[in-house]
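Remember, it's 1-based here, ligands and their atoms both numbered in the order they're listed.
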Amino acid sequence: LSGAVPVVISPVEAVATYPLRQRILRPHQTIEEIAFPGDADPLSAHFAAFDGDEIVGVASVVPAAPPWGPQPGWRLRGMASVPAHRRQGVGRALVDAVVAHVERNGGGTLWCNARLTAVGFYLACGWETRGDEWEEPHIGPHIAMVRTG
Ligand SMILES: CC(C)(COP(=O)(O)OP(=O)(O)OC[C@H]1O[C@@H](n2cnc3c(N)ncnc32)[C@H](O)[C@@H]1OP(=O)(O)O)[C@@H](O)C(=O)NCCC(=O)NCCS
């Protein structure tokens with residue numbers, strides 16, 4: 001939109017990501033159940049996309065080796081943007097912030113467990129699938145993905 005204020009990506013505390021994490025990704029859980037293991041790790045990072053004062057997207061990254069092995073590893077978690085802001089680059093900008101955090105902290109394998117509905121997004125960001133699909137209870141079919149770019 002011409003004249004629109006661009007969305008700004010900022011590092012935030014983990015708790016700032018919880019409302020969108022819950023609303024978009026885990027509506028079957030309460031806000032108290034939304035923390036991920038590793039959220040509080042000093043090497044973890046949490047990012048929010050701000051449209052003015054409103055958070056319209058979130059992403060987190062925690063140190064974690066991928067299930068297939070290589071260390072050091074980093075797991076992208078809690079990736080979400082609000083429906084009204086999708087397909088406008090918010091998700092990609094959040095992934096870019098996560099990639100920069102990983103690179104500032106020594107690099108390594110960046111991976112995630114992707115919902116099948118989000119595979120196209122990760123492919124567009126330069127990731128690829130790894131291994132077989134599985135069903136995640138309450139959430140749906142998933143496949144591991146890894147950043148190759
Ligand atoms: C997946 C999600 C985070 C994408 O966020 P977004 O803000 O729309 O992403 P972007 O606009 O930055 O998209 C980046 C690229 O991915 C593509 N893309 C985005 N969503 C896509 C989809 N569902 N299928 C195919 N391609 C998609 C876009 O076309 C864009 O490519 P382009 O820049 O070449 O046009 C968002 O749709 C979402 O929150 N979905 C629900 C929650 C979810 O599934 N999260 C991921 C859990 S693993």
Side-chain angles (χ1 to χ4, degrees), residues 1-39 41 43-68 70 73-103 108-149:
L1 294 171
S2 79
V5 178
V7 165
V8 174
I9 310 295
S10 298
V12 293
E13 297 294 322
V15 291
T17 68
Y18 291 0
L20 278 197
R21 227 190 239 185
Q22 194 238 0
R23 177 149 60 93
I24 297 176
L25 294 168
R26 292 171 174 260
H28 59 286
Q29 292 182 338
T30 66
I31 195 90
E32 289 76 24
E33 296 171 316
I34 287 300
F36 293 137
D39 267 354
D41 188 299
L43 281 175
S44 295
H46 307 273
F47 298 97
F50 285 87
D51 180 3
D53 292 339
E54 186 195 356
I55 292 181
V56 297
V58 293
S60 298
V61 58
V62 304
W68 59 90
W74 299 83
R75 181 173 175 184
L76 172 65
R77 300 217 66 175
M79 173 81 238
S81 58
V82 298
H85 281 76
R86 286 184 191 157
R87 301 287 186 136
Q88 295 165 40
V90 169
R92 185 190 291 276
L94 286 161
V95 170
D96 286 348
V98 164
V99 168
H101 175 82
V102 168
E103 287 176 354
T109 303
L110 178 58
W111 65 282
C112 72
N113 288 336
R115 295 164 192 232
L116 290 197
T117 48
V119 165
F121 164 70
Y122 292 113
L123 290 173
C125 291
W127 296 47
E128 60 186 37
T129 60
R130 172 97 193 203
D132 298 325
E133 301 171 16
W134 74 92
E135 184 75 19
E136 198 69 49
H138 303 289
I139 304 182
H142 278 69
I143 192 162
M145 294 191 75
V146 60
R147 180 174 180 262
T148 55

Return the option from Thr117, Leu123, Val90 holding the heavy atom at the smallest distance from atom 23 (N) of ligand 1. Thr117

Could you check which of Gly120, Cys125, Ala114, Ser81 puts a non-hydrogen atom nearest to atom 2 (C) of ligand 1? Ser81

[X] neighbourhood, listing ligand 1 atoms whose heavy-atom distance to it stays under 4.0 Å:
| X | result |
| --- | --- |
| Gly89 | 10 (P), 11 (O), 12 (O) |
| Tyr122 | 46 (C), 48 (S) |
| Ala80 | 39 (O) |
| Ile24 | 41 (C), 42 (C) |

Donor-acceptor contact below 3.5 Å, side chain [X] vs main chain [Y]:
| X | Y | result |
| --- | --- | --- |
| Arg86 | Ser81 | yes |
| Glu33 | Thr30 | yes |
| Glu128 | Thr148 | no |
| His28 | Ile139 | no |
| Trp127 | Phe121 | no |
| His138 | Glu136 | no |
| Arg115 | Leu25 | yes |

Under-4.0 Å heavy-atom contact with ligand 1, by part of [X] that carries it:
| X | result |
| --- | --- |
| Val119 | neither |
| Ala118 | side chain |
| Leu25 | side chain |

Closest non-hydrogen atoms of Ala144 and Trp68, given as atom of the first, atom of the second and distance, are CB-CZ3, 3.9 Å

Can you see which heavy atom on Val90 is nearest to which on His85, and at what distance? CG2-O, 3.9 Å

Please report which non-hydrogen protein atom sits nearest to [atom], along with the residue it belongs to and the distance in Å to one decimal place.
| atom | result |
| --- | --- |
| atom 44 (O) of ligand 1 | Arg115 CD, 3.6 Å |
| atom 34 (O) of ligand 1 | Arg92 NH2, 3.4 Å |
| atom 13 (O) of ligand 1 | Phe121 CD1, 3.7 Å |
| atom 19 (C) of ligand 1 | Arg87 NE, 3.6 Å |
| atom 41 (C) of ligand 1 | Arg86 NH2, 3.5 Å |
| atom 45 (N) of ligand 1 | Met79 O, 2.7 Å |

N/O to N/O below 3.5 Å, does that happen between Ala124 and ligand 1? no

Close N or O approach (Asn113, ligand 1; < 3.5 Å): no

Flag the pair Trp74 / Pro66 as yes when at least one side-chain heavy-atom distance between them is below 4.5 Å, and no otherwise. no

Is Arg21 close to His46 at the side-chain level, that is, under 4.5 Å between some pair of heavy atoms? yes

Protein non-hydrogen atoms only, distance under 4.0 Å: does atom 32 (P) of ligand 1 have such a neighbour? yes

